[in-house]
Undergrad: 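Got a structure for you, questions after.
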Amino acid sequence: MAVEVVLWCIAALLGTAILAVAGVRRTTTAMLVYMVALVASTAALGTVGWVLVTDAGLAQTLRLPIGLPWLGAHFRLDPLAAAFLTVVNLGGATASLYGLGDGRHERQPGRVLPFFPAFLAGMNLVVLADDAFTFLLTWEFMSLTSWALVMAHHQQRGNAQAGYIYLLMASLGTLSLLLSFGLLAGPDGGYAFEAIRNARPSPNTAAAVLALTLLGAGSKAGLVPLHVWLPLAHPAAPSHVSALMSGVMTKVAVYGFVRIVFDLMGPSVWWWGAVVLLFGGASAVLGVLHALMEHDLKRLLAYHTVENIGIIFIGLGLGLAFRANDMVGPAALAMTAALFHVFNHSVFKSLLFFGSGAVLTATGQRDMERLGGLIHGMPFTALAFLIGSAAISALPPFNGFVSEWLTFQAILLSPQLPQWGLKFLAPAIGAALALSAALAAACFVKAFGITFLGRPRTGDAQNAREADAFSLSAMFVLVLLCLVAGILPGYFIDALAPVVQIVVGGHLQQQTALRWLTIVPITEGRSSYNGLLLFVLIAGAATLASYVIHRWASHAIRRSASWDCGFPDASPATQYTAGSFAQPIRRVFGTLVFQAREEIQMPAPGDLRPARMHVHLRDRVWDTFYAPVARFVGVTATHLNRVQYLTLRGYLTLVSGALVALLAILALWQ
């Protein structure tokens with residue numbers, strides 16, 4: 001069975017992780033680890049892809065005599081699991097291919113090689129798990145292995161704090177999911193997912209489970225305000241691990257949410273969709289606004305993960321609302337948009353992290369203010385990053401446009417919802433989604449332009465050279481997928497049909513049966529999109545324009561001084577910077593979102609010191625939700641520290657007092 005093949009691939013990954021511990025000092029170990037991970041991930045990818053395409057609606061189960069003695073470990077491969085395993089193993093395969101090249105530059109391989117295949121195995125196991133104990137155990141295994149990878153470069157400034165905050169948020173998420181499964185299992189304690197499906201929770205229990213699942217899965221996915229670990233941990237990890245965490249692990253969290261809320265909890269209630277929509281809309285807007293303020297290339301990409309997770313949860317919220325009102329067609333459209341964006345984001349975000357990793361390897365810099373002009377020394381990386389930037393900015397004919405367009409189509413159906421709260425909320429979320437899409441395009445104009453165009457700002461950027469063949473191969477595999485999923489989206493939508501059928505009880509019509517491979521999410525007279533025709537039109541127009549310019553342009557050579565914008569000095573300091581690019585948007589949104597404050601130091605006349613401007617930004621989410629908790633914990637710990645220095649009499653008094661208090665509580669309880 002296919003589930004057995006995937007489990008054997010997972011066993012190969014775990015075995016490789018164990019062997020890597022013993023042979024980490026050998027020069028061939030890195031090549032062996034990444035090669036085995038590549039082969040295992042590719043084999044698992046082919047297996048689950050075949051299941052998704054051919055065995056529509058079927059589920060394969062397997063029970064192993066491990067785990068809890070009376071329960072065992074249950075594994076299940078159904079279309080929902082197969083879709084997310086496709087994302088996991090596609091990301092694992094490309095990250096392993098990238099690691100074959102870029103991994104040779106790793107300064108501390110002993111802190112990366114044993115945990116990389118274990119991390120891949122953990123993500124696969126979470127998606128395959130079919131009981132609460134196995135799910136939570138593998139979820140925690142996934143969290144711990146990824147934490148070890150975040151801490152790989154713990155000597156660098158800020159990385160230890162990133163690992164600490166990530167571990168705290170991961171522990172909070174696991175505890176929330178533990179409580180969620182406890183409520184779903186009920187007094188009978190049926191921890192197998194099949195038993196949970198058959199035991200429908202009460203409305204109050206279901207509301208508590210939804211809140212706990214949003215807290216548990218949302219903290220791992222990066223929903224606002226649970227995203228604080230993400231912009232710290234992603235830049236701290238090695239680049240191919242950052243791609244896995246941002247492009248893949250966050251999708252495992254989305255899988256956990258979909259499995260619990262859409263599958264295990266049974267019928268949904270309309271206000272569930274409203275809650276999820278609010279979280280999704282806030283994440284989309286705040287994520288892209290924070291990204292616009294960033295100068296660190298990897299932190300910028302991390303914040304864009306928050307934005308795209310918000311887009312996914314907008315689709316999931318609409319799916320919940322439509323399903324609660326028995327609107328199967330719109331629910332299928334919303335779920336298709338969300339699941340397609342899960343795949344698309346994993347592709348273009350992995351591509352962008354690979355590109356940023358190539359820049360980091362070539363220059364040693366993540367600060368865009370110290371880059372520039374890299375297109376000359378790294379033309380292939382620049383091309384791959386440009387295509388990834390166009391895809392994440394939802395520009396046609398690339399894949400990011402299709403899934404966001406489908407999400408807008410689902411929002412346009414929201415007036416059919418009977419609840420007035422949703423009639424007002426859904427269009428407002430649509431406006432927020434439109435704003436985030438426009439700001440994302442502006443952000444990646446900044447990211448690509450400041451990093452790759454213009455003149456080099458430092459010697460590191462001046463001396464940058466192209467990435468190795470393995471890294472470029474991984475990037476261009478994802479470039480190809482961005483293009484194919486954008487111009488032929490009907491095949492991907494049809495592959496998701498069995499998944500959507502399981503989740504909402506219906507699916508979109510077969511898209512590949514339509515003429516000219518046009519996708520029609522609702523009706524042909526209302527909306528349609530033909531990515532292939534648009535691609536041919538763009539390619540033809542570009543080719544014709546190039547031919548006309550080269551055929552009829554003047555061949556006479558004319559020499560003149562280039563336009564210098566009033567700055568005859570060719571210094572790179574006269575170029576646009578990341579900060580100056582973001583200044584107009586910062587002044588529009590800064591006071592409300594960041595409490596932005598500009599401090600200008602202007603020397604007196606005759607003073608030859610340069611004028612300086614410092615921009616101070618504050619994270620209001622951190623200040624509101626996390627800083628008070630941190631202060632409370634610090635003060636409490638300081639006072640409780642005195643307990644360490646009590647006398648014997650003091651300890652006996654403390655213990656007896658606690659015993660008396662517990663007995664009093666027990667007496668009052670009875």
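What's counted below: heavy atoms across the whole structure, side chains too, no hydrogens, waters or symmetry copies.
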Undergrad: Within the 4.5 Å heavy-atom criterion, are Val254 and Phe257 side-chain neighbours or not?
TA: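 No; the side chains remain at least 4.5 Å from each other.
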
Undergrad: Which value, rounded to the nearest 0.5 Å, describes the distance between Leu481 atom CG and Ser346 atom OG?
TA: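 Reported value, rounded in 0.5 Å steps: 9.0 Å.
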
Undergrad: Between Val39 and Val36, does the side-chain contact (heavy atoms from CB on, under 4.5 Å) criterion hold? Intermediate values first, please.
TA: CA-CA 5 Å; Val39 172; Val36 172; 5.9 Å; no

Undergrad: Can you list everything that forms a side chain to side chain contact (heavy atoms under 4.5 Å, CB included) with Ile66? Sequence neighbours excluded, please.
TA: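 Checked Ile66 against side chain to side chain contact (heavy atoms under 4.5 Å, CB included); matches are Leu64, Ala73.
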
Undergrad: Which residue pairs pass the side chain to side chain donor-acceptor pair (under 3.5 Å) test when at least one of the two sits in residues 121-141, sequence neighbours left out?
TA: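 Qualifying pairs: His74-Asp131, Asn89-Asn124, Asp131-Thr134, Glu140-Thr174.
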
Undergrad: So, does Ser283 use its side chain to make a donor-acceptor pair with the main chain of Val224 at under 3.5 Å?
TA: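 Yes.
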
Undergrad: Please verify the inter-ring angle class for His341 with Phe348; under 30° counts as parallel, over 60° as perpendicular, anything in between as tilted.
TA: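 Perpendicular.
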
Undergrad: Look at the side chain of Glu307 and the backbone N and O of Ala440, then say whether any donor-acceptor pair between them is shorter than 3.5 Å.
TA: no

Undergrad: With no hydrogens and no angle check, is any side-chain donor or acceptor of Ser350 less than 3.5 Å from a backbone partner on Val347?
TA: no

Undergrad: Thr61 versus Phe75: any side-chain heavy-atom pair under 4.5 Å?
TA: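 When only atoms from C-beta onward are counted, Phe75 and Thr61 do not touch, as no gap falls below 4.5 Å.
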
Undergrad: With rounding to the nearest 0.5 angstrom, report the CG to CD1 distance, Asn344 to Ile312.
TA: 9.0 Å

Undergrad: I want to check something: taking the side chain as every heavy atom from C-beta on, are Val621 and Tyr626 in contact at a cut-off of under 4.5 Å?
TA: yes

Undergrad: For side-chain contact (heavy atoms from CB on, under 4.5 Å), just list the numbers for Met368 and Leu300, CA-CA rounded to whole Å, side-chain angles, deciding distance to a tenth of an Å, and then say yes or no.
TA: CA-CA 10 Å; Met368 288 185 288; Leu300 180 147; 3.9 Å; yes

Undergrad: Around atom CZ of Phe476, are there more than 12 heavy atoms from other residues, nucleotides or ligands closer than 6.0 Å?
TA: yes

Undergrad: Can you find a pair of side-chain heavy atoms, one from Val499 and one from Phe84, that are under 4.5 Å apart?
TA: no

Undergrad: Does Ser246 reach the main-chain N or O of Ser242 with its side chain, forming a donor-acceptor pair under 3.5 Å?
TA: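 Absent.
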
Undergrad: Show the nearest heavy-atom pair for residues Ile314 and Gly280, with the distance to one decimal.
TA: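 Of all heavy-atom pairs spanning Ile314 and Gly280, the closest is CG1-C, 3.8 Å.
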
Undergrad: Check the orientation of Phe343 and Phe340. Use parallel for under 30°, tilted for 30 to 60°, and perpendicular for over 60°.
TA: parallel

Undergrad: Going by heavy atoms in the side chains, are Leu297 and Phe353 under 4.5 Å from each other?
TA: no

Undergrad: How about Arg76 and Val3: do any of their side-chain heavy atoms sit closer than 4.5 Å?
TA: no

Undergrad: Looking at Met142, is its backbone amide N or carbonyl O close enough to the side chain of Thr145 to form a donor-acceptor pair, meaning the two atoms are under 3.5 Å apart?
TA: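 Checking the backbone N and O of Met142 against the side chain of Thr145, a donor-acceptor pair under 3.5 Å is found.
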
Undergrad: What residues form a side chain to side chain contact (heavy atoms under 4.5 Å, CB included) with Arg299, not counting sequence neighbours?
TA: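 Residues passing side chain to side chain contact (heavy atoms under 4.5 Å, CB included) with Arg299: Pro231, Leu232, Pro235, Glu294, Asp296, Tyr303.
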
Undergrad: Does Val127 offer a backbone N or O that forms a donor-acceptor pair with the side chain of Tyr255 under 3.5 Å?
TA: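 Yes: the side chain of Tyr255 pairs with the backbone of Val127.
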
Undergrad: Do Phe452 and Phe448 pass the ring-ring contact (aromatic ring centres under 6.0 Å, His included) test, and can you show the C-alpha distance, the side-chain angles, and the key distance before you say yes or no?
TA: CA-CA 6 Å; Phe452 290 97; Phe448 181 80; 5.2 Å; yes

Undergrad: Report the distance from atom OG1 of Thr94 to atom CG of Leu244, rounding to the nearest 0.5 Å.
TA: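 Going from the OG1 atom of Thr94 to the CG atom of Leu244 covers 7.0 Å.
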
Undergrad: Which side-chain N or O atoms in residues 175-183 pair as donor and acceptor under 3.5 Å with protein atoms at least two apart or in another chain?
TA:
from   : atom 1 : to     : atom 2 : distance (Å)
Ser176 : OG     : Leu172 : O      : 2.9
Ser180 : OG     : Thr213 : OG1    : 3.2

Undergrad: Once you measure the plane-to-plane angle for Tyr98 and Phe354, does it fall in the parallel (<30°), tilted (30-60°) or perpendicular (>60°) bin?
TA: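 Parallel: the ring planes of Tyr98 and Phe354 meet at under 30°.
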
Undergrad: Taking C-beta and beyond as the side chain, do Gln365 and Val359 meet within less than 4.5 Å on heavy atoms?
TA: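 No, side chains not in contact.
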
Undergrad: Closest approach of Ala302 and His234, non-hydrogen atoms and distance?
TA: CB-CB, 3.8 Å

Undergrad: Mind telling me whether Phe116 and Tyr34 have parallel, tilted or perpendicular rings, with 30° and 60° as the class edges?
TA: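 Taking Phe116 first and then Tyr34, their aromatic rings stand perpendicular (interplane angle over 60°).
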
Undergrad: Do you know which two heavy atoms are closest between Ala391 and Asn399, and how far apart they sit?
TA: CB-OD1, 3.5 Å

Undergrad: Do Ile10 and Leu128 make a side-chain contact, defined as non-hydrogen atoms from C-beta onward lying under 4.5 Å apart?
TA: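 Side chain of Ile10 against side chain of Leu128, heavy atoms only: contact under 4.5 Å found.
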
Undergrad: Distance-only, no hydrogens or angles: does the Trp229 side chain make a donor-acceptor pair with backbone N or O of Ser219 under 3.5 Å?
TA: yes

Undergrad: Can you tell me how far the CZ atom of Arg259 sits from the CD1 atom of Ile196, to the nearest 0.5 Å?
TA: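 It comes to 11.0 Å.
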
Undergrad: Looking only at non-hydrogen atoms, find the nearest pair between Pro114 and Val21 and report the distance.
TA: CB-CG2, 3.7 Å

Undergrad: Got a second to check how far Phe193's CZ is from Asp263's CG, nearest 0.5 Å?
TA: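 These two atoms lie 8.5 Å from each other.
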
Undergrad: In chain order, what residues pass the side chain to side chain donor-acceptor pair (under 3.5 Å) check against Thr381, with sequence neighbours excluded?
TA: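 Result, side chain to side chain donor-acceptor pair (under 3.5 Å) vs Thr381: Glu466.
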
Undergrad: Around Gln108, counting heavy atoms of other residues, nucleotides and ligands shown, do more than 12 lie under 6.0 Å from its CD?
TA: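 Above 12, so yes.
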
Undergrad: Could you pull out all donor-acceptor pairs under 3.5 Å where a side-chain atom in residues 148-157 meets a protein atom, sequence neighbours excluded?
TA:
from   : atom 1 : to     : atom 2 : distance (Å)
His153 : NE2    : Glu106 : OE1    : 3.4
His153 : NE2    : Glu106 : OE2    : 2.7
His154 : ND1    : Met151 : O      : 3.3

Undergrad: For the pair His290 and His227, name the ring-plane relationship: parallel under 30°, tilted 30 to 60°, perpendicular over 60°.
TA: tilted

Undergrad: For a side-chain contact (heavy atoms from CB on, under 4.5 Å) check, start with the C-alpha distance between Val629 and Phe625, then their side-chain angles and the critical distance, and finish with the verdict.
TA: CA-CA 7 Å; Val629 175; Phe625 294 99; over 6 Å; no

Undergrad: Using a 3.5 Å distance criterion without hydrogens, assess whether the side chain of Ser393 forms a donor-acceptor pair with backbone atoms of Ala390.
TA: no

Undergrad: Heavy atoms only: give me the nearest Leu351-Ala384 pair and the separation to one decimal.
TA: CD2-O, 3.6 Å

Undergrad: Kindly indicate, with the supporting measurements, whether the criterion side-chain contact (heavy atoms from CB on, under 4.5 Å) is fulfilled by Lys251 and Val88.
TA: CA-CA 8 Å; Lys251 309 310 176 299; Val88 169; over 6 Å; no

Undergrad: If every non-hydrogen atom of Leu77 is compared with every non-hydrogen atom of Ala2, which pair is closest and at what distance?
TA: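 Residues Leu77 and Ala2, closest heavy atoms: CD2-CB, 3.7 Å.
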
Undergrad: Distance check, rounded to the nearest 0.5 Å: Asn308 atom CG versus Thr250 atom OG1?
TA: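 Reported to 0.5 Å precision, the distance equals 9.0 Å.
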
Undergrad: Tell me, yes or no, whether the heavy-atom count around Phe141 atom CZ, taken from other residues, nucleotides or ligands under 6.0 Å, exceeds 12.
TA: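 Buried by this count: over 12 neighbours within 6.0 Å.
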
